[in-house]
Amino acid sequence: MRNIKLTISYDGTDFHGFQTQPNLRTVQGTLQARLEEVVGHPVSIIGSGRTDAGVHARAQVVNFHTSSRVPVEKWPIVCNVKLPDDLVVQDATEVPEDWHARFSARGKVYRYQFDRGAYPDVFTRKYAYHYPYPICVERMIEAATHLVGRHDFTSFCAANTPVEDKVRTLHAVDLREDGHLLTVTCRGEGFLYNMVRIIAGTLLDVGRGKIEPGAIPDILLARDRKLAGVTAPAHGLTMWQVLYE
């Protein structure tokens, strides 16, 4: 059996998330069905992580095992010829048998985009949350510095998150303005359910004066989801990169 690693990108608008769900269009289900057509045997795709309905990916990573002899450089071609336009295989490599898209990952990078234009941009409306009201980006940058490091992020994940250990390390939380777009980039070893969307929503609340920048350490220590900001809409979030050694 060969172990094939694929780097894929997708527009999450019309997918019900990454993970296979009965009778719903998902990234994993769509790609898996295409791979099984090619190899002629059942395929189980392992993803580096899950994305929710509406969330996009620039470079999601998956792997699967197969007895197929398709040359590794041909996998993007044989997959993309019948995949829908909103799901593309960008690259393929053969990896060691025990390589695992999730457990071999050393970190991830996510980006959340705000559209600050007076009116929605028709070309970014699916990939950026339109917020045309005044915000102070300098306050948001100050608040972001308090999120960097190793913390218990209970306050910054969905209240129903089943994971018990909510300690995570963020290496960077950067904000960048480019015209009417404001991008929040989070790089860390791992992320909890809705963590980046809650970080983005909390920074937005800081920017509009609802939360003080200096309150972030206390919000972290409180381990109380109700104290952090709103969960920003899914369509502004993109899984940007998965980091491996």
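Owing to the predicted nature of the structure, the values given are computational and were not obtained by experimental measurement. Computed from heavy atoms alone, side chains included, the values below leave out hydrogens, waters and symmetry copies. Residue numbers start at 1 and run along the sequence shown.
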Check for me, please, whether Leu243 and Val173 land in the same ILVMFWY cluster - side-chain distances under 4.5 Å, paths through other members count. no
Measure the OG1-CZ distance between Thr185 and Arg176 for me, rounded to the nearest 0.5 Å. 8.5 Å
Verify the cluster assignment for Met140 and Tyr133: are they in a single hydrophobic cluster under the rule of side-chain heavy atoms below 4.5 Å apart? yes
Taking every heavy atom of His41 against every heavy atom of His65, the minimum-distance pair comes out as CE1-O, 3.9 Å
Sorted by chain and number, sequence neighbours left out, side-chain hydrogen bond (donor to acceptor under 3.5 Å, both in side chains) with Arg225 holds for Thr231
Any residue meeting side-chain hydrogen bond (donor to acceptor under 3.5 Å, both in side chains) with Thr20, in chain and number order, not counting sequence neighbours: Gln28
Between Arg25 and Asp86, is there a salt bridge with N-O shorter than 4.0 Å? yes
Lys126 and His56 have their tightest heavy-atom pair at O-NE2, 2.8 Å
Output a table of donor-acceptor pairs, distance under 3.5 Å, between side-chain atoms of residues 147-159 and any protein atom two or more places apart or on a different chain; print 'none' if there are none.
unit_1	atom_1	unit_2	atom_2	d
Arg150	NH1	Thr169	OG1	2.8
His151	NE2	His146	O	3.4
His151	NE2	Val148	O	3.1
Asp152	OD1	Thr154	N	2.9
Asp152	OD1	Thr154	OG1	2.5
Asp152	OD2	Arg223	NE	3.4
Ser155	OG	Ile219	O	2.6
Ser155	OG	Arg223	N	3.2
Ser155	OG	Asp224	N	2.7
Ser155	OG	Asp224	O	3.3

Does Gln19 reach the side chain of Thr26, with side-chain heavy atoms less than 4.5 Å apart? no
Taking the side chain as every heavy atom from C-beta outward, state whether Leu182 and Tyr131 have any atom pair closer than 4.5 Å. no
According to a hydrophobic-cluster definition based on side-chain heavy atoms being under 4.5 Å apart (Ile, Leu, Val, Met, Phe, Trp, Tyr only), do Val81 and Ile77 belong together? no
Could you tell me whether the side chain of Val137 reaches within less than 4.5 Å of the side chain of Arg116, counting heavy atoms only? yes
Closest heavy-atom pair, Pro217 versus Gly214, reported as atoms and distance to 0.1 Å, is CD-O, 3.3 Å
Phe114 and side-chain contact (heavy atoms from CB on, under 4.5 Å): which single residue from Leu181, Val184, Leu203 fits? Val184
Donor + acceptor pair across side chains of Tyr127, Asp115 (<3.5 Å): no
Using distance alone, with no hydrogens and no angle criterion, decide if His235 and Thr13 have a side-chain donor and acceptor under 3.5 Å apart. no
Nearest heavy-atom neighbours spanning Gly201 and Ala232: N-CB, 4.0 Å
Linking directly or through intermediates, with side-chain heavy atoms under 4.5 Å: list the remaining ILVMFWY members grouped with Ile4, chain and number order. Leu6, Ile8, Tyr10, Phe15, Phe18, Val27, Leu31, Leu35, Val38, Val39, Val43, Ile45, Val62, Phe64, Val70, Val72, Trp75, Val78, Leu83, Leu87, Val89
Check side-chain hydrogen bond (donor to acceptor under 3.5 Å, both in side chains) between Gln32 and all other residues, then give those that pass, not counting sequence neighbours. none
Closest non-hydrogen atom pair between Gly47 and Ala101, with its separation: C-CB, 4.0 Å
For Ile216 and Thr202: C-alpha separation, side-chain torsions, deciding distance, then whether side chain to side chain contact (heavy atoms under 4.5 Å, CB included) applies. CA-CA 9 Å; Ile216 299 300; Thr202 301; 3.9 Å; yes
Quick one: do Ile199 and Leu175 end up in the same hydrophobic cluster if we chain Ile, Leu, Val, Met, Phe, Trp and Tyr together by side-chain heavy atoms under 4.5 Å apart? yes
Is it the case that Gln60 and Ser48 place a side-chain donor and acceptor less than 3.5 Å from each other? yes
Which atom pair, heavy atoms only, marks the closest approach of Ser104 to Tyr244? O-CD2, 3.3 Å
State whether Glu142 and Arg139 are salt-bridged, where the test is any N-O pair (Lys NZ or Arg NE/NH1/NH2 against Asp/Glu carboxylate O) under 4.0 Å. no
Cluster question for you: counting only ILVMFWY and a side-chain heavy-atom cut-off of under 4.5 Å, with indirect links fine, are Leu220 and Ile211 together? yes
Could you tell me whether the side chain of Asn63 and the main chain of His100 form a donor-acceptor pair under 3.5 Å? no
By side chain to side chain contact (heavy atoms under 4.5 Å, CB included), which residues pair with Gln90, not counting sequence neighbours? Ser9, Val88
For Arg102, does the CZ atom have more than 12 heavy-atom neighbours from other residues, nucleotides or ligands under 6.0 Å away? no
